[in-house]
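Chain letters run A, B, ... following the sequence lines, proteins first, then strands; residues in each count from 1. For the numbers below, each heavy atom of this structure counts, side chains included, while hydrogens, waters and symmetry mates do not. Keep in mind that this is a model prediction, so the values were computed, not measured.
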Amino acid sequence: MDLSNLNKEQREAVITTKGPLLILAGAGSGKTKTLTSRIAYLLEEEKVSPYEILAITFTNKAAGEMKERIIDLVGFAGEKIWAGTFHSMCLRILRMEIEEIGYKPNFVIYDETDQQSLLKQILKEQNLDEKSFPPRLVANTISNFKNELLDPKGAKRYINGDFIMEKNVELYEIYQEKLKQNNAVDFDDIIMLTVQLFKANSEILSKYQNRFRYIFVDEYQDTNHAQYTLIKLLAAKHRNICVVGDDDQSIYRWRGADIQNILNFEKDYPDAKIVKLEQNYRSTQAILDAAYSVIKFNSERKDKRLWTDKKGGELIDYFTALDEEEEAFFVSREIKKRVVSGENTFADFAVLCRTTAQFRVIEENFIKNGIKYQIFGGMKFYSRKEIKDVLAYLKAIANPDDRISLARAISTPKRGIGEASWNKVNQYADENNIPITLALLDAAAASVGAKAGKAMVEFAEKMVEFQALSAEIPLHLLLETVLEQSGYMQMLNEEKDVEAMSKKENLEEFFSIVTAFDRDHEPSAENLSHFLAEVALYTDLDNLNDKENTVTIMTMHGAKGLEFPIVFIVGMEENIFPHARSIASMAESEMEEERRLCYVALTRAKEKVILSRSLAHMLYGRTNRNMPSRFLGEIPANLLNDLSYRKKQNSFSTSNGLSHKPIQPQNMDKAEKFNIGDKVAHNKWGIGVVVGIKGAGDDLEYKVAFPEQGIKTLIAKYAPIKRA
DNA sequence: AGCTAAAATGTTTTT
DNA sequence: CATTTTAGCT
């Protein structure tokens with residue numbers, strides 16, 4: 001196999017096929033290329049079967065891309081490797097083996113909303129009020145336990161006489177029982193239960209240990225204890241484990257990621273080989289210098305510095321706006337300028353935000369300015385109300401024990417069944433130890449009122465019918481039947497507002513997703529569960545479409561592993577970035593995580609970074625004023641280019657009176673006048689001839705004929721053209 | 001039970 | 001400011 005396109009370190013990583021290997025890969029150091037080459041090398045040179053390879057990536061999209069690249073290198077065999085996220089891999093195992101630990105194979109996955117509903121219900125039953133036990137916090141505590149592989153028993157050790165913690169552990173215990181009763185698992189269970197399964201049954205563990213002779217884990221710095229243990233168990237037999245990571249890019253410690261996993265790799269595997277990839281192929285020297293100048297303020301890191309052949313590069317632009325509207329306008333203007341001049345296309349840009357709440361202003365401004373964009377993160381498609389409603393039906397069909405989904409389905413549309421009646425049937429089911437569906441059919445015996453009782457029986461009978469259908473007819477037909485016969489469609493048709501219209505559109509889209517699934521799956525109960533699991537693990541990051549010519553708007557977290565020619569980072573303000581919570585926490589470690597996030601954001605850029613902030617900021621209906629982000633101050637002034645037209649102004653002296661002056665275009669003074677027939681030189685397209693002139697002043701446009709590209713329309717004030 | 005209107009509350013980051 | 005939760009009414 002030809003390895004000549006790899007550098008020395010990359011090649012070393014590729015040909016070290018036996019034993020533990022740690023690849024410390026800096027941002028943009030060709031990590032994916034190295035990983036895919038290494039897998040291709042195993043397949044081609046060492047004749048390893050693709051079935052023996054497990055590759056764990058951070059998103060399903062990354063897994064798909066990795067597979068594609070491997071297929072490019074070695075052909076169809078690449079299709080057969082196991083590649084996916086921790087969650088998708090564990091789910092695949094659980095689907096086959098979960099009965100071993102007392103769940104049924106048709107289990108469903110609870111998302112945060114389902115989790116929240118369950119917790120609220122438990123709090124009510126326990127007479128604990130939500131003020132002292134905010135469900136969010138309880139869920140968080142439980143999540144932390146699970147990430148540490150602590151079951152309720154194990155969690156007791158952490159009470160230490162703390163009343164709140166004691167209650168939290170009690171709640172955890174009940175929550176876990178209820179999940180099992182509902183035959184449901186939450187996100188963290190997916191990992192924890194797989195570990196429990198492996199620990200409970202050595203035969204099953206051996207099966208997978210034997211199978212996976214070669215294991216890869218990407219983004220190892222962001223694995224938590226449960227994931228770490230899982231990999232350690234799986235790799236124990238063959239010990240051919242290759243992990244890739246960068247401590248400077250660890251940005252998920254808030255959800256349990258443990259940096260020690262990467263730092264202790266050498267302790268876990270004393271014979272580990274370590275390869276460092278420090279040459280950066282992505283960014284210019286200016287960007288790397290800026291990124292380094294920020295990250296070097298962290299004390300909790302191994303010092304290292306990326307280098308590149310791409311000397312120089314453009315300075316980091318920096319703009320101060322009056323308010324977020326103007327900040328968004330600035331972004332639009334900069335993008336438009338470069339697109340109209342022909343230097344870039346929309347797809348070259350990303351706008352990175354610290355929080356999803358910042359998306360809206362940007363989005364609205366993009367719409368106003370006709371900038372095409374895609375948004376990743378924020379409100380997910382599958383968490384929309386109408387989608388969650390139909391999913392509740394499907395989940396209850398797949399798993400009749402799922403009372404959370406059943407409760408949602410039974411009350412949408414309204415059937416005259418209220419909380420009181422619902423509680424009665426639940427109690428009746430528990431007391432007689434019968435499935436909830438049977439209890440519903442026997443509503444009268446549960447002493448539910450006549451009207452509500454009749455509705456319950458009707459509902460339950462329908463659900464039983466749907467269940468029978470689910471194994472026989474394709475999903476899209478099942479969906480259609482459910483929407484019709486449950487009265488859901490009728491309910492939507494009666495709502496005549498705009499909302500209802502958009503709900504219907506979303507359901508249409510869901511319908512086509514389901515139809516697409518049907519194309520390569522036979523109707524069966526298993527495939528319904530399979531579909532629901534796919535939906536549960538779906539993130540819109542997986543849908544990132546780089547073929548569309550659009551600007552990408554996303555969080556900095558979402559941008560991990562991606563790259564763009566030009567990156568905007570908006571909201572460079574204290575309290576936004578770094579986030580107010582990490583400032584308030586006083587823990588230096590939280591600030592260091594923000595700083596790593598800044599490092600990740602900066603190193604996404606290939607050619608240019610454009611930072612911005614605004615002087616006034618709206619939060620909860622009040623105007624706030626934030627200081628410039630400390631990270632701005634950490635970038636040396638000689639790397640920054642201040643674009644602000646009011647740069648001499650003090651940040652706090654601009655309260656009132658300042659009107660929105662139009663922003664002056666940067667190269668106004670340079671704009672030359674041309675006539676038809678003049679020869680002009682364009683930065684990107686070379687020499688062309690002016691063949692048309694339209695408009696005047698700021699709107700002056702030239703039509704220029706280029707030999708290669710044909711006739712292009714250029715806005716005079718932005719176009720990078722000179723007389724030739 | 002279920003609607004409407006008033007009141008309260010809240011934002012990191014995500015598999 | 002938005003969105004969600006609750007109280008009060010029918």
Trainee: Show me, range against range, the stems involving DNA chain B, built from at least 3 consecutive Watson-Crick or G-U pairs below 3.5 Å.
Mentor: B:1-10 with C:1-10

Trainee: Would you tell me if any nitrogen or oxygen in the side chain of T555(A) comes within less than 4.0 Å of OP1 or OP2 on dT14(B)?
Mentor: yes

Trainee: Between T59(A) and dT15(B), is there a side-chain N or O to OP1/OP2 distance below 4.0 Å?
Mentor: no

Trainee: Does the base of dT13(B) carry an N or O that pairs as donor and acceptor with the side chain of R354(A) under 3.5 Å?
Mentor: yes

Trainee: May I ask you to decide if W422(A)'s main-chain N or O and N426(A)'s side chain share a donor-acceptor pair within less than 3.5 Å?
Mentor: yes

Trainee: Within the pair R255(A) and dT14(B), is there a side-chain N or O less than 4.0 Å away from OP1 or OP2?
Mentor: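 So the side chain of R255(A) is outside the cut-off, no N or O lying under 4.0 Å from OP1 or OP2 of dT14(B).
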
Trainee: In terms of side-chain heavy atoms, does Y220(A) have a donor or acceptor partner in Q227(A) at a distance below 3.5 Å?
Mentor: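 Side-chain D/A pair, Y220(A) to Q227(A): absent.
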
Trainee: Find the distance R360(A):CZ to dT11(B):P and express it as a whole number of Å.
Mentor: 16 Å

Trainee: When we call it a touch if two heavy atoms are under 4.0 Å apart, what does S421(A) touch: a base, just sugar-phosphate, or nothing?
Mentor: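 Sugar-phosphate, no base atom in range.
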
Trainee: Under 4.0 Å, heavy atoms only, any strand: does Q358(A) hit a base, just the sugar-phosphate, or nothing?
Mentor: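 Answer is nothing: Q358(A) stays at 4.0 Å or more from every strand.
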
Trainee: Please give, in whole Å, the distance from dT14(B) C1' to H579(A) NE2?
Mentor: 15 Å

Trainee: Verify, without hydrogens or angle tests, whether S250(A) (side chain) and D247(A) (backbone) share a donor-acceptor contact under 3.5 angstrom.
Mentor: no

Trainee: In whole angstroms, how far is the C1' atom of dT14(B) from the CD atom of E593(A)?
Mentor: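 Atom CD in E593(A) sits about 12 Å away from atom C1' in dT14(B).
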
Trainee: Take K131(A) and T85(A), find for each the nucleotide of DNA chain B with the closest heavy atom, and name the residue whose nucleotide sits nearer the 5' end.
Mentor: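 Closest to the 5' end, via its nearest nucleotide, is K131(A).
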
Trainee: From CZ of F359(A) over to C1' of dT12(B), roughly how many Å is that when rounded to an integer?
Mentor: 12 Å

Trainee: Decide, yes or no, whether a salt bridge links D218(A) with K31(A) under the criterion of side-chain N to carboxylate O below 4.0 Å.
Mentor: yes

Trainee: Stacking between F187(A) and dT15(B), defined as ring centres under 5.5 angstrom apart with planes under 30°, is that present or not?
Mentor: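 Stacking between F187(A) and dT15(B): present.
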
Trainee: Considering heavy-atom distances to DNA chain B, does G418(A) or E590(A) have its closest nucleotide positioned more toward the 5' end?
Mentor: G418(A)

Trainee: Please report the distance, rounded to the nearest Å, between CZ in F459(A) and P in dA1(B).
Mentor: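 Going from CZ in F459(A) over to P in dA1(B) covers 16 Å.
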
Trainee: Rounded to whole angstroms, how far apart are CZ on R253(A) and P on dT14(B)?
Mentor: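 My rounded result for the distance is 18 Å.
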
Trainee: Which pairs with one or both residues in residues 612-634 of chain A pass ring pair (Phe, Tyr, Trp, His ring centres under 6.0 Å), sequence neighbours excluded?
Mentor: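 Sorted result for residues 612-634 of chain A: F577(A)-F631(A).
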
Trainee: Looking only at the side chains, is there a donor atom on one of N626(A) and N575(A) sitting less than 3.5 Å from an acceptor on the other?
Mentor: yes

Trainee: Would you please indicate yes or no on a ring centroid separation below 6.0 angstrom for F58(A) and Y252(A)?
Mentor: yes

Trainee: Do any side-chain nitrogens or oxygens of K120(A) fall under 4.0 Å of OP1 or OP2 in dT5(C)?
Mentor: yes

Trainee: Which of the following nucleotides, dT11(B), dT12(B), dG2(B), is nearest to the side chain of K414(A)?
Mentor: dG2(B)

Trainee: Cation-pi check for Y382(A) against K388(A): NZ or CZ below 6.0 Å from the six-membered ring centre and within 45 degrees of the axis, yes or no?
Mentor: no

Trainee: CD1 of I576(A) versus P of dT13(B): gap in Å, rounded?
Mentor: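 Spelled out: CD1 on I576(A) to P on dT13(B) is 13 Å.
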
Trainee: With rounding to the closest Å, how many angstrom separate the C1' atoms on dT5(C) and dT12(B)?
Mentor: 23 Å

Trainee: Under 4.0 angstrom, heavy atoms only, what part of the nucleic acid is K560(A) near: base, sugar-phosphate, or nothing?
Mentor: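 Counting heavy atoms under 4.0 Å across all strands, no contact is made by K560(A).
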
Trainee: Which is true for L619(A) with a 4.0 Å heavy-atom rule: it touches a base, it touches only sugar-phosphate, or it touches nothing?
Mentor: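 Answer is nothing: L619(A) stays at 4.0 Å or more from every strand.
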
Trainee: With C1' as the reference atom in both, quote the distance from dT13(B) to dT4(C) in angstrom, rounded to an integer.
Mentor: 22 Å

Trainee: At 4.0 Å (heavy atoms only), tell me whether R596(A) reaches a base, stays on the sugar-phosphate, or touches nothing.
Mentor: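 No contact.
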
Trainee: Rounded to whole angstroms, how far apart are CG on D258(A) and P on dT15(B)?
Mentor: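 Roughly 20 Å, once rounded to whole Å.
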
Trainee: I'd like to know whether CE of M501(A) has more than 12 heavy-atom contacts from other residues, nucleotides or ligands below 6.0 angstrom.
Mentor: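 Counting neighbours around CE of M501(A), 12 or fewer heavy atoms of other residues, nucleotides or ligands fall under 6.0 Å, so no.
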
Trainee: Just wondering, do Y252(A) and dT13(B) stack (centres under 5.5 Å, planes under 30°)?
Mentor: no

